[in-house]
Amino acid sequence: MKYRLSIFQWLSLVLMLMLLIIVGAFWLIYRLNVKDIQSELRKNKMYEVEFMTSQLSTQFEQVLTNTITLSQDQSVRGYPYILKFGDQYARYDMKLTIIDKLALNTASTSWKNTVILYYEDEKETVSSDSSFSFSTFSPPEQARSRWVLHMDKDGKGYYSNVVRSHISSLLIEVRISLDNLVKMLEQYVSGTPVLYDASQQKFIQGRAEFPGELMESIRPLISGARGTLSMNANQTEYLINYMKADLLDLYFIDVYPKRQYIEPINRNNRLFLYAVLVVLVGIMFYTLLLRKQVQKPVITLRKAIDRFDRGDFSSRAVDLEVNEFKALGNSFNRMAENTQTLIEQVLLGEIEVKEAKLKQYQAQINPHFLYNCLNFIQSKASIEDYQAVTAMTLHLASYCRYIHKIEQLDSTLQDELTFVEHYLHMVHLRKKEITFEIDVSAEAGKYRLPRMILQPLVENCIKHGIEPGLRPGIIKITAKEEASWLLITVKDNGIGMTEDRLSMIRRHIDDNIISNEGLGTGLRNVNQRLRLYFGKDSGLSLESSLPEGTCYWIRIAKEAEAYAANSAGR
């Protein structure tokens with residue numbers, strides 16, 4: 001007898017093979033991940049450097065812009081005049097005013113800065129720092145409109161920029177303390193940052209330790225607007241990204257040791273291998289357990305389902321000891337017991353649909369409308385208006401003849417429009433203020449649809465839209481063909497309806513069971529009949545707003561004609 005492996009043996013072999021494939025693929029993916037991570041790290045670090053450099057340039061620009069704007073202040077511009085023609089108190093008061101404005105300007109930015117105004121003709125100095133405002137006049141000698149670094153031996157200092165105002169005798173100096181730049185470096189936690197001023201060849205460091213050997217090594221390599229370097233120091237490989245600020249010769253440099261992102265990957269790899277081994281042992285254990293508690297119940301349940309599928313509704317799943325499969329078997333048993341009841345309910349539902357269709361046909365002619373027409377004929381006959389009597393009689397006869405053709409379950413759109421036109425003519429004869437327009441092409445008029453499908457919509461337009469408004473009304477009926485749809489529109493210019501009522505009606509016409517008797521059945525029957533004839537993709541929808549009126553859309557799928565033919569019994 002030929003030996004065949006059991007499902008458990010096959011499962012064990014497959015698991016071992018999968019383990020070997022996973023381990024091999026893991027090492028390949030590991031190498032690819034390291035390569036991709038290095039590439040992405042370079043990009044991300046450069047994005048971070050670009051962001052910090054942008055912040056740096058923005059702060060310098062903001063401080064300088066605020067200062068130049070302040071030079072347009074009336075007090076700043078008028079100070080020379082006060083110095084020439086004002087008394088001592090006016091000069092002192094104006095100087096204090098300017099000092100207060102300079103101090104306020106300094107506080108308006110997040111960076112600590114000092115603004116100094118030099119009035120050359122008057123040999124006067126005014127600053128937000130009182131040590132300059134009341135000292136000897138000594139204008140700066142550095143280049144104009146350029147940020148220049150001033151540092152002492154202790155690494156302290158400031159950046160200054162001297163610009164000349166449109167007042168020819170006024171020089172404006174802005175000083176930004178290096179403490180601001182150091183604080184910005186301290187906020188950068190992604191790597192080890194440092195600033196390098198290329199014009200002065202000076203490094204500005206924060207509290208983070210920057211590898212000393214790298215400073216002198218990277219100094220001659222920094223050039224251009226941006227760049228990336230890879231260097232070794234103290235047996236450690238570093239990734240170095242740098243970028244130059246826009247307004248000054250200042251580079252933001254980020255140093256990041258590569259081992260910081262490789263070591264977590266190695267640690268995760270080891271954890272992954274351990275996890276694979278643990279999972280393998282667990283799978284082998286659960287395979288033995290599942291062989292007993294799953295395979296046998298599945299076979300029992302499958303046999304019961306096969307018998308049920310062959311039509312034996314008495315089939316039941318028994319002898320299931322495992323709780324989960326026992327619950328599944330009980331569910332199957334309940335399903336089998338309820339199948340007959342469900343079939344009876346479906347048949348009953350089909351009978352109710354047919355009865356609803358019959359009631360729809362029988363209830364189409366409104367007795368109140370008929371009484372009104374007969375009263376109209378009687379009143380017109382009494383005054384010998386035979387033309388109106390003839391017109392009403394002919395239209396009413398055609399109207400009734402079409403309604404009582406119950407043996408015809410459907411008709412063409414053109415026949416429906418002719419029927420609706422008779423109805424609207426009778427309404428117009430009684431109420432001259434109600435008119436109508438019909439615009440349907442001959443091709444669209446050939447489509448077949450359930451009989452009496454448009455009249456409830458037109459009646460709704462008159463009864464609930466135009467008549468309550470007490471103003472002249474018009475009903476427009478159009479039909480057009482699109483790629484795969486026939487769209488029929490019935491629109492009035494009546495009073496419309498609120499959003500709440502519109503939502504209520506939409507839910508009402510879509511429900512399979514009538515939930516609100518007060519909303520009537522006309523629109524709901526139209527929607528249900530359209531879906532019965534053309535499928536669930538077709539149907540009725542409506543839009544309305546106060547006080548613009550209401551619009552009804554009938555949407556019929558062209559490819560549903562075969563479905564409609566079967567539903568109509570043709």
**Q** What is the minimum heavy-atom distance between F376 and A388, and which atoms define it?
**A**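 Of all heavy-atom pairs spanning F376 and A388, the closest is CE2-O, 3.9 Å.
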
**Q** Within the side chain of H428, is there an N or O that forms a donor-acceptor pair under 3.5 Å with the backbone of I434?
**A**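 Yes, because the side chain of H428 sits within donor-acceptor range (under 3.5 Å) of the backbone of I434.
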
**Q** For a quick test of reading the model, state the closest non-hydrogen atom pair linking I495 to P468 and the distance between them.
**A**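 Reported closest heavy-atom pair: CD1-CB, 3.8 Å.
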
**Q** What heavy-atom pair brings R555 and D537 nearest, and what distance separates the two atoms?
**A**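 Where R555 meets D537 most closely, the heavy atoms are NH1-O, 3.4 Å.
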
**Q** Which of these passes side chain to side chain contact (heavy atoms under 4.5 Å, CB included) with I554: V490, L457, L487, T489?
**A**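 Going through the options one by one, the only one that passes is L457.
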
**Q** Side-chain contact, heavy-atom cut-off 4.5 Å: M52 with M243?
**A**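 Counting from C-beta outward, M52 and M243 never come under 4.5 Å.
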
**Q** As a quick check of understanding, evaluate salt bridge (charged side-chain N to carboxylate O under 4.0 Å, His left out) for E443 and K480, giving each step before the final call.
**A** CA-CA 9 Å; E443 290 298 323; K480 62 178 180 179; over 6 Å; no

**Q** Could you tell me which non-hydrogen atom of L56 sits nearest to which non-hydrogen atom of A245, and how far apart they are?
**A**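 The answer is CD2-CB, 4.4 Å.
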
**Q** Go through I556 and Y533 one step at a time and tell me if the side chain to side chain contact (heavy atoms under 4.5 Å, CB included) criterion holds.
**A** CA-CA 10 Å; I556 299 174; Y533 271 69; over 6 Å; no

**Q** Verify the neighbour count for atom CD of Q74: are there more than 12 heavy atoms of other residues, nucleotides or ligands below 6.0 Å?
**A**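 Incorrect, the count does not exceed 12.
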
**Q** Just how far is it from atom CD1 of I505 to atom CZ of R524, taken to the nearest 0.5 Å?
**A**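 I505 atom CD1 to R524 atom CZ measures 14.0 Å (nearest 0.5 Å).
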
**Q** Would a distance-only check, ignoring hydrogens and angles, find a side-chain to backbone donor-acceptor pair under 3.5 Å from N493 to G473?
**A**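 No, because the side chain of N493 does not come within donor-acceptor range (under 3.5 Å) of the backbone of G473.
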
**Q** Keeping the roles fixed (side chain from N527, backbone from L540), state whether a donor-acceptor pair exists under 3.5 Å.
**A**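 Yes, the answer is positive, given that a donor and an acceptor are paired below the 3.5 Å cut-off.
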
**Q** Check whether any side-chain heavy atom of M392 lies under 4.5 Å from a side-chain heavy atom of K380, and answer yes or no.
**A**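 No, every pair of side-chain atoms sits at 4.5 Å or beyond.
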
**Q** NE2/H425 to OH/Y399 distance, rounded to the nearest 0.5 angstrom?
**A**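 Here the rounded value is 14.5 Å.
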
**Q** Mind checking whether Y423 and L454 have side chains closer than 4.5 Å, heavy atoms only?
**A**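 A side-chain contact under 4.5 Å is absent here.
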
**Q** Can you find a pair of side-chain heavy atoms, one from F51 and one from E48, that are under 4.5 Å apart?
**A**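 Side chain of F51 against side chain of E48, heavy atoms only: no contact under 4.5 Å found.
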
**Q** Let me confirm one number: the CG-CG distance from L429 to D385, rounded to the nearest 0.5 Å.
**A**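 Atom-to-atom, L429:CG and D385:CG are 9.5 Å apart.
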
**Q** Begin from the C-alpha positions of L542 and I509 and carry the test side chain to side chain contact (heavy atoms under 4.5 Å, CB included) through to its verdict.
**A** CA-CA 10 Å; L542 64 157; I509 66 175; 3.9 Å; yes

**Q** Does any non-hydrogen side-chain atom of L502 lie less than 4.5 Å from one of T550?
**A**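 They are not in side-chain contact.
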
**Q** Do other residues, nucleotides or ligands put more than 12 heavy atoms under 6.0 Å from K476 NZ?
**A**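 Open.
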
**Q** Taking atom NE2 of H508 and atom CG of L523, what is their separation to the nearest 0.5 Å?
**A**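 Answer for the NE2-CG pair, H508 versus L523, is 7.5 Å.
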
**Q** Any donor and acceptor pair, going by atom type alone, linking the side chain of S544 with main-chain N or O of M497 inside 3.5 Å?
**A**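 Yes; at least one donor-acceptor contact below 3.5 Å.
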
**Q** Would you name the heavy atoms of M452 and R529 that are closest together and state the gap between them?
**A**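 Result for this residue pair: O-NH1, 3.5 Å.
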
**Q** Considering only NZ, NE, NH1 and NH2 on the basic side and carboxylate oxygens on the acidic side, decide whether R448 and E416 come within less than 4.0 Å.
**A**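 No.
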
**Q** Out of N460, V526, I488, which residue meets the side chain to side chain contact (heavy atoms under 4.5 Å, CB included) rule with Y552?
**A**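 Of the listed options, the one satisfying the test is N460.
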
**Q** Quick one: pull up CD1 in I475 and CD in E437 and give me the separation to the nearest 0.5 Å.
**A**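 So the CD1 of I475 and the CD of E437 are separated by 11.0 Å.
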
**Q** Please step through side chain to side chain contact (heavy atoms under 4.5 Å, CB included) for the pair F436 and V420, ending with a clear verdict.
**A** CA-CA 10 Å; F436 62 92; V420 169; over 6 Å; no

**Q** List the atom of V389, the atom of A381, and the distance in Å for their closest heavy-atom pair.
**A**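 Scanning both residues completely, I find the closest heavy atoms to be CG2-N, 3.5 Å.
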
**Q** Can you give the donor-acceptor pairs under 3.5 Å from side chains of residues 57-64 to other protein atoms, not counting sequence neighbours?
**A**
unit_1 : atom_1 : unit_2 : atom_2 : d
S57    : OG     : T53    : O      : 3.2
S57    : OG     : D246   : N      : 3.1
T58    : OG1    : S54    : O      : 2.7
Q59    : OE1    : S110   : OG     : 3.4
Q59    : NE2    : S110   : OG     : 3.3

**Q** Between the main-chain N or O of G494 and the side-chain N or O of R471, is there a donor-acceptor pair closer than 3.5 Å?
**A**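 Yes, because the side chain of R471 sits within donor-acceptor range (under 3.5 Å) of the backbone of G494.
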
**Q** Using 0.5 Å steps for rounding, measure from the CH2 atom of W111 to the CG atom of N66.
**A**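 One finds 13.5 Å between CH2 of W111 and CG of N66.
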
**Q** Could you tell me if the side chain of T412 sits less than 4.5 Å from the side chain of K446, heavy atoms only?
**A**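 No - every pair of side-chain heavy atoms lies 4.5 Å or more apart.
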
